[in-house]
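Worksheet: the structure to be examined is printed underneath.
Just so it is clear: chains get the letters A, B, ... in the order the sequence lines come, proteins before strands, and each one is counted from 1.
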2 protein chains.
Amino acid sequence: MGNGRLTAREIARLAGVSVATVSRVSNGTGQVSEETRRRVLRAIEEHGYRPHHLGQALAARRHGAVGLVFPGLSGPYFSELIQGFESEAVNSRTSVHILCTHLRADSDAEVIEMAHRVDGLAVLGGTLSDETLEELAGMLPVVVLAGGGPPGVPAVRVENTDSTAALTRHLLADHALRRLDFVGNPSGSPDVSERWAGFREAHRQLGLPLPRAPIRVGLQQPDGVFAAEQLLRRSIRPQGIVCANDETALGVLVGASGLGLRVPEDLVITGFDDTPMAALVTPALTTVRQPVRELAAQTARLLMQVATGDVDRSGPTLVLPTDLVVRRSCGCAAPTTPGSTPTGRRAETGLRHSR
Amino acid sequence: MGNGRLTAREIARLAGVSVATVSRVSNGTGQVSEETRRRVLRAIEEHGYRPHHLGQALAARRHGAVGLVFPGLSGPYFSELIQGFESEAVNSRTSVHILCTHLRADSDAEVIEMAHRVDGLAVLGGTLSDETLEELAGMLPVVVLAGGGPPGVPAVRVENTDSTAALTRHLLADHALRRLDFVGNPSGSPDVSERWAGFREAHRQLGLPLPRAPIRVGLQQPDGVFAAEQLLRRSIRPQGIVCANDETALGVLVGASGLGLRVPEDLVITGFDDTPMAALVTPALTTVRQPVRELAAQTARLLMQVATGDVDRSGPTLVLPTDLVVRRSCGCAAPTTPGSTPTGRRAETGLRHSR
DNA sequence: TTGAAAGCGGTACCAC
DNA sequence: GTGGTACCGCTTTCAA
C-alpha cells in the first residue's frame, strides 16, 4: 500500500480542490474554510500523504538539516556530544547529519559535499584545516565545536588550560610529585593542545623544570595502554601520568596494572572528562569534569542562530567552565565511609575531595 | 565571494549557451563540441559553480543518501559499524545519514522523518518494532543490520548462537566450571538474545542444569561494573561470567578487581566482539571475534542493491561467520613465550590457544 | 475563500 | 551540437 508516493496534485484532485489549497491545509497557513479543510484533511489521512521533502526544501530554499563533523566516533565523549547536539536541534525542527571524516585524506571533499546538503555545519576542532573552515564559512554558517576556529568563525569550547594547570599543580604541590609525563597528542586537537599548555604552565608557575615531550598517542583506551607500555618499561619511571582524557587514562591504568604497578602507590594517574567509568574504576580516577552535553547544545543553538541570521556570522566565542574532580588515583585519601559509591565531588574553585 | 549560490541559468548566460548545455557539460552527458565545453567549463570554474543538490535530487527523484539507524553510539562496535558502512556507501556515491534514536519514545517519528530524506534505510536489530519496520519497508528499501527483521525484510547478521555455545562448552567441559552467569539483556537486541540462547544451549547439550536468569544490563562498560557488583557480592559467587560483549566484560573485569578477585583464578570472564582492548587487558580476554566492518559493508551493499532493484526487496538473509578467540581470562595457559604481544589466535573450528 | 500560475534549480526530451 | 521547454513536488503571490 502507498507505494508510489502521492503528490499534492493527486490529493488536490481527490479532494476536488487545487494544489494551493492542499499546501495551505497541510501547512496550516493561509485561510481555508472549515469545510474544505475537513475534506482535504480526510483525503490526506486516507491516503497517508506526506509532502515530499525535496519539493518542500527546494521551494523553501532550505534543507532543514545541519551537519555535525568530527574525526571519528568512539567512546562516551562523542556519544554525549551527539545527544547534546540533537536534543537542541530537534527544537528547531532540524535534523542532524553526522559525518565522520576518519581523518581520511579526502575528507575535505566529503565535507564540502555535505555542505551542499545542509543549512549549517558544526565542526569539531582539529578536524579540518583553517583554510577549509574559511572556505566553508564562505558558503554557509559554520561553528567550531571544542576548539577555536580561524578569526570570523564563531566557536564554543570548554576551559582546558586553567583546569589542567590546577590539576597538575595539585600533583606537583599537594602531592609533592616530580617527574610527571603527559599522554596525548597536542597537535591532534585544540582540546589536547590546551591541556598540554596547562600542564606546562603549572610547572612554570611552580618554578620547576619543564616536563619532557608528551607521548603522542590518540584518545582511545588502547592508546593509553600503548603509552603505558612506553613509559613504564623505561628505567626511570614517571611518578605520575597526566592523560589528555579519561579513556587514555583508563588505558594507562590497565597497562600499569598489567605490569604489576599499584595506583596510586607506585604511580599516579589522572584523566580529563569525568566519563561514567572514571568513578567506577579502582582506584577511582582524578579528573576534570567538562559539560560535554552542554557544549554540544550551545553549539547547536549558536549554529541555529547564525543560520537564521539572529546572530552575526562572525559571532561570539563561548567558553564553558570545567571542574576539578579529585578522587583516589592521584593519591588523595580513600573515602572515610567505606562501601559508599564513589561518585566524586566537584570542586569549582580550589579542591574538594571526592568520597 | 560566491555567497549567493549561482544557478545553472546564470552560468548559461555567462557562457552564452543554454541551461541544457550547462547541464550536459557539468554531468558529462550528451554531445557537446569541444569548444563550447571549454567555454562552459571555464565559466563553471571561474565562478565555482556546483549544481544545487536539491534541484538535482528533485529532478532525479533520488536523494543520493541512505540512513543508518541505531539506538545510540558508544564504543568500538558502533565506530567500526559506521566505518564499514560508509566505506561501502562511498563507492555508490551515496552519503550516509546517521540517526541515533537513543531509545526515545518518539523515535518512530524520527525514523519516519528520516525515511523521507533518504533512498534506503539500514536499521540495527532491536532498534525498532517489527510493525515500524514493516511500515518503513512499505515506503522504501530497508535492510536489518545485526538481527532478523520481520519476514520480507532482508537482513545481515553474524553467527551468535553456535559460537557462544562453543565458548560456553569450553568453560563447562574443558575447564570443568559450574555456576556460570550471563550478563546482558536478551530482550535488548537480537544479538544478545542469540548469545543468551547459545549459552543455555551449551548447558543443555552437556546435560547440565540450565543457568539462572541473566543479569539484564546494557552493553557498555559501566553496565559491566554494575553487573559485577550484583553478582560478586552474593554469598555464592559464580565461577565464571559470560558477557554479552567485550565492553561489559571489561566492566566486569574492573568490578572484579575492585573487589580484590583474581581473574582467572577466582573468577573466569569472557566477552564477545574481540575489540582492540580485549587483547590488551590483563588477563587478556577470551572472546568471540565478529567481523563488524564486514557486517556493515555487506549491509550497505545489500541496501544499495535493493534500492537499485538489482535484488528483490524481500531479499536474502546473510549470516557471517564468527571465531572463538581463546586467551587467558577463561583460565587457559599463559603464553609460553613471555613478552610477546597477546594478539590472540583465532580458532575457526575447535579451539586454538592464543599466545 | 479559492485557484491559476510563476517560480525554486536541474535534467532530459524533442526539435532545429 | 545546441536551444527551447516541459517536467520533478511544493510554496506563494496575485486575481478572481
Students should find that the nucleotides of DNA chain C closing off the region near chain B, any atom under 4.0 angstrom from a heavy atom, are C:dG9 to C:dC13
Open item on the list: Using a strict threshold of under 4.0 Å (side-chain N to carboxylate O), is an ion pair present between B:Glu88 and B:Arg293?
Closed with: no
Output for pair (A:Glu135 CD, A:Asp108 CG), nearest 0.5 Å, gives 7.5 Å
Those residues at least two apart in sequence (or on a different chain) that pass ring-ring contact (aromatic ring centres under 6.0 Å, His included) with B:His53 are none
Rounded to the nearest 0.5 Å, the CD atom of B:Gln56 sits from the CG atom of A:Leu54 at a distance of 11.5 Å
A correct 5'-to-3' footprint of nucleotides 4-15 of chain D, with B, S and - meaning base, sugar-phosphate only and no protein heavy atom under 4.0 Å, is BB--BBBBB---
Between B:Leu124 and B:Thr127 the two heavy atoms that sit nearest each other are O-OG1, 2.6 Å
dist B:Gln305:CD -> B:Leu303:CG (nearest 0.5 Å) comes out at 9.5 Å
Between its two end axes (five pairs each) the helix from C:dT1-D:dA16 to C:dC16-D:dG1 turns, nearest 10 degrees, through 50°
Here the gap from B:Ile11 atom CD1 to B:Thr21 atom OG1, rounded to the nearest 0.5 Å, amounts to 13.0 Å
Expected list for residues 31-45 of chain A near DNA chain C, using heavy atoms below 4.0 Å, is A:Gln31, A:Val32, A:Ser33, A:Thr36
Paired with B:Val158, the side-chain contact (heavy atoms from CB on, under 4.5 Å) test is passed by just one of B:Val319, B:Leu318, B:Leu295, namely B:Leu295
Applying side chain to side chain donor-acceptor pair (under 3.5 Å) to A:Ser187 and not counting sequence neighbours gives A:Asn185, A:Arg216
* **Exercise: do B:Glu10 and B:His47 side chains pair donor with acceptor under 3.5 Å** => no
Interatomic distance, OG@A:Ser92 vs CG@A:Asp119, rounded to 0.5 Å, equals 11.0 Å
The reported gap from NE2 in A:His116 to OG in B:Ser95 (rounded to nearest 0.5 angstrom) is 12.5 Å
